[in-house]
Student: 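To start, I am sharing the structure in question, which I have written as structure tokens.
Numbers restart at 1 for each chain; the letters A, B, ... are given by sequence-line order, proteins then strands. For clarity, every value in this text was computed on a predicted model and none was experimentally measured.
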There are 2 protein chains.
Amino acid sequence: MELTTLSIGIDVGGTNTKFGLVTADGKILEQGRIKTTDYADISAFVEALHQQVSLLIQNHADSGTVKGIGIGAPNGNYFTGCIEHAPNLHWKGIVPIVQLVADKFQLPCVLNNDAKAAALGEHKYGSAKGLKDFIMITLGTGVGSGIFVNGSLVYGDKGNAGELGHTVVRYNGRTHWSTGLKGTLEAYCSATGIVLTAQEMLDQSTSDSLLRKYPKEEITSKLIYDCALQGDQIANNIFAFTGQVLGEALANFVMFSSPEAIILFGGVRSAGDLLMNPTKEYMEKNLLTTFKGQVQLMFSSLNLDDAAILGAAALVYTLT
Amino acid sequence: MELTTLSIGIDVGGTNTKFGLVTADGKILEQGRIKTTDYADISAFVEALHQQVSLLIQNHADSGTVKGIGIGAPNGNYFTGCIEHAPNLHWKGIVPIVQLVADKFQLPCVLNNDAKAAALGEHKYGSAKGLKDFIMITLGTGVGSGIFVNGSLVYGDKGNAGELGHTVVRYNGRTHWSTGLKGTLEAYCSATGIVLTAQEMLDQSTSDSLLRKYPKEEITSKLIYDCALQGDQIANNIFAFTGQVLGEALANFVMFSSPEAIILFGGVRSAGDLLMNPTKEYMEKNLLTTFKGQVQLMFSSLNLDDAAILGAAALVYTLT
């Protein structure tokens with residue numbers, strides 16, 4: 001077997017942490033996972049990761065040399081190498097994860113937040129290969145983003161650029177459950193936001209809907225999608241509205257950095273054309289003439305399950 | 001006298017074209033102007049510029065060597081060297097001004113739009129010296145912008161990034177007189193937008209105001225400022241509202257590129273604290289916690305009359 005450069009991608013999530021051994025061209029040779037919440041202490045977590053990942057490396061010792069370890073994590077700061085006050089992780093305060101992992105593995109290690117890692121992964125292995133200017137929007141429980149300008153990820157002054165989910169798209173609109181900001185993109189276009197829209201639309205109308213068969217707490221964006229496919233009008237309206245708000249926000253982003261493409265990623269993308277069509281329509285409607293028809297809007301080409309590991313693995317190539 | 005590198009800055013405006021001979025450290029040795037509208041034909045315009053600018057160069061022949069010519073113009077495209085369909089200039093279509101000027105002067109020549117030139121000037125000679133990440137907002141007849149990310153101006157895919165004046169800040173808000181877009185920053189925070197706000201506020205209230213002494217067509221942002229300084233309530237409300245809208249928009253921009261500073265420029269900045277205070281207040285109010293108190297908001301340190309020439313002159317240093 002030909003020897004290749006390998007990298008380890010670790011995606012730290014609130015519940016699970018996934019990791020994989022990845023070839024230079026984006027093939028995951030083997031992957032595994034541990035439960036993040038099983039480790040109250042970060043050192044025990046790193047110890048467990050080390051055990052598991054070492055096995056992967058041994059299993060594929062004849063495939064190539066491991067160049068380094070990339071970690072994607074919520075509130076992961078590229079500049080400091082620390083996870084900083086992540087609300088969705090149980091380790092509180094500042095967690096110097098790069099130092100801990102590099103010491104334990106004796107390998108170069110680099111950290112980024114999960115949305116920026118996703119953009120790097122898309123640039124190295126996915127739809128954004130070869131693009132210099134693009135914006136990746138992750139539509140999941142929250143709305144994250146990673147922005148490329150002139151071939152590089154935008155970090156901003158302190159490494160925390162690209163919080164597009166928290167930009168306001170509806171003045172004085174829906175209050176965000178955690179930030180308290182009003183009318184932000186995340187308040188409407190995250191999975192959580194879509195469920196809130198469903199509740200509002202069901203409350204404000206008396207018309208029939210398949211969604212009324214379910215207790216409120218069982219309504220998820222997946223269920224809304226299923227009902228929409230069965231022709232349910234309210235379910236369809238929910239995606240039409242979500243796409244409209246997303247499209248309006250994307251138009252603003254285009255007029256900021258004039259990207260070649262905007263790539264949508266995350267669980268919500270499984271809504272497909274139900275989301276894509278209104279998003280494209282309202283993005284185009286809100287653009288200056290000079291931008292109309294110029295920006296490709298597309299879904300990520302990466303497998304959702306693999307993408308987080310690939311994004312983290314792509315980080316390794318930012319090590320100099 | 002010590003020899004220095006000189007550059008020529010030419011600012012093409014709808015009415016006047018200003019030009020100057022500028023030292024490497026931003027001193028304008030001499031400047032002049034011609035009336036843009038006097039030249040129906042672009043060749044005649046370039047011919048007149050050549051005559052006038054040649055005199056300047058002769059007058060200061062012992063000061064240094066001219067490195068090149070920078071031109072700032074509305075709709076000036078850095079990549080193509082052409083002024084493209086500028087609505088405020090009487091030359092229609094595509095004007096290959098870089099080629100015409102370079103041929104006539106036999107000097108390297110570079111073009112950019114006026115807002116990007118202003119940002120380059122601020123970076124080389126003004127408040128943004130040494131900053132890697134900043135946003136310059138030009139508040140004049142329109143609202144323009146120039147964005148620096150990681151030490152470089154953001155051009156985007158086709159050179160037309162940074163149209164922040166056309167981002168929507170009020171969903172379904174005031175229709176822009178020329179683009180037709182609803183609720184854009186320019187519709188509220190340009191000099192034109194401020195006058196529209198004044199007309200709306202005067203129409204919607206019956207309370208006394210100094211502004212009521214003037215015929216509607218005589219109300220300018222300068223007059224509103226003068227009335228505000230005299231304690232006029234409506235005039236003060238106009239700036240409070242303008243600052244609020246501007247501050248909300250700036251918060252969105254901060255969450256995109258996380259700049260160290262935002263620099264306000266253009267005629268409207270003469271409103272000083274009347275504009276700055278509400279702008280700062282509403283920018284901070286709309287930021288995620290991680291950005292609060294992190295962004296310097298300031299006025300340009302360059303003299304308004306000189307800045308356009310300096311911005312154009314700074315362009316010369318982007319020539320390789």
Student: Please say whether the positively charged group of A:Lys124, taken as NZ for Lys or CZ for Arg, lies over the ring of A:Tyr317, i.e. under 6.0 angstrom from the six-membered ring centre and within 45 degrees of the axis.
Tutor: yes
Student: Taking A:Val168, A:Val154, A:Ile135, A:Val295 one by one, which has the highest count of heavy-atom pairs under 4.5 Å against chain B?
Tutor: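 It is A:Val168.
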Student: Does any backbone or side-chain atom of A:Leu288 lie under 4.5 Å from a heavy atom of chain B? Answer side chain, backbone, both or neither.
Tutor: both
Student: B:Val169 versus chain A, heavy atoms under 4.5 Å apart: side chain, backbone, both or neither?
Tutor: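 Only the backbone of B:Val169 comes within 4.5 Å of chain A.
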Student: Taking B:Lys132, B:Lys182, B:His85, B:Arg170 one by one, which has the highest count of heavy-atom pairs under 4.5 Å against chain A?
Tutor: B:Arg170
Student: So, A:Gln244 side chain and A:Tyr282 main chain: donor-acceptor pair closer than 3.5 Å or not?
Tutor: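 The answer is no, because no donor-acceptor pair under 3.5 Å joins these two groups.
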Student: If you round to the nearest 0.5 Å, how far is CG of B:Asn252 from CG of B:Asn286?
Tutor: 7.5 Å
Student: Compute whether any side-chain donor of one residue and acceptor of the other, for A:Ser258 and B:Asn160, lie under 3.5 angstrom apart.
Tutor: yes
Student: Side chain, backbone, both or neither: which part of B:Thr179 has a heavy atom under 4.5 Å from chain A?
Tutor: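 Only the side chain of B:Thr179 comes within 4.5 Å of chain A.
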Student: Tell me, side chain or backbone of B:Val149 under 4.5 Å from chain A's heavy atoms, or both, or neither?
Tutor: side chain
Student: Does the side chain of B:Phe253 come within less than 4.5 Å of B:Leu164's, by heavy atoms?
Tutor: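 Yes. Closest side-chain heavy atoms under 4.5 Å.
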Student: Identify which part of B:Asn150 has an atom lying under 4.5 Å from any heavy atom of chain A, answering side chain, backbone, both or neither.
Tutor: neither
Student: Of the listed residues (B:Lys158, B:Glu163, B:Glu248), which shares the most heavy-atom pairs with chain A below a 4.5 Å separation?
Tutor: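 Option with the top pair count is B:Glu163.
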Student: Centre-to-centre under 6.0 Å for B:Tyr171 and A:Tyr171, is that the case here?
Tutor: no
Student: Select, from A:Lys285, A:Met255, A:Gln294, the one with the greatest count of heavy-atom pairs under 4.5 Å involving chain B.
Tutor: A:Met255
Student: Who wins among A:Phe291, A:Tyr155, A:Phe256 for the most heavy-atom pairs under 4.5 Å with chain B?
Tutor: A:Phe256
Student: Can you tell me how far the CG atom of B:Leu181 sits from the CG atom of A:Leu287, to the nearest 0.5 Å?
Tutor: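 The CG atom of B:Leu181 sits 8.0 Å away from the CG atom of A:Leu287.
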Student: Is the shortest distance from a Lys or Arg side-chain nitrogen in A:Glu284 or A:Lys280 to a carboxylate oxygen in the other one below 4.0 Å?
Tutor: no
Student: B:Glu84 versus chain A, heavy atoms under 4.5 Å apart: side chain, backbone, both or neither?
Tutor: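 No part of B:Glu84 comes within 4.5 Å of chain A.
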Student: Side chain, backbone, both or neither: which part of B:Asp133 has a non-hydrogen atom closer than 4.5 Å to chain A?
Tutor: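 For B:Asp133, the contact with chain A is made by the side chain alone.
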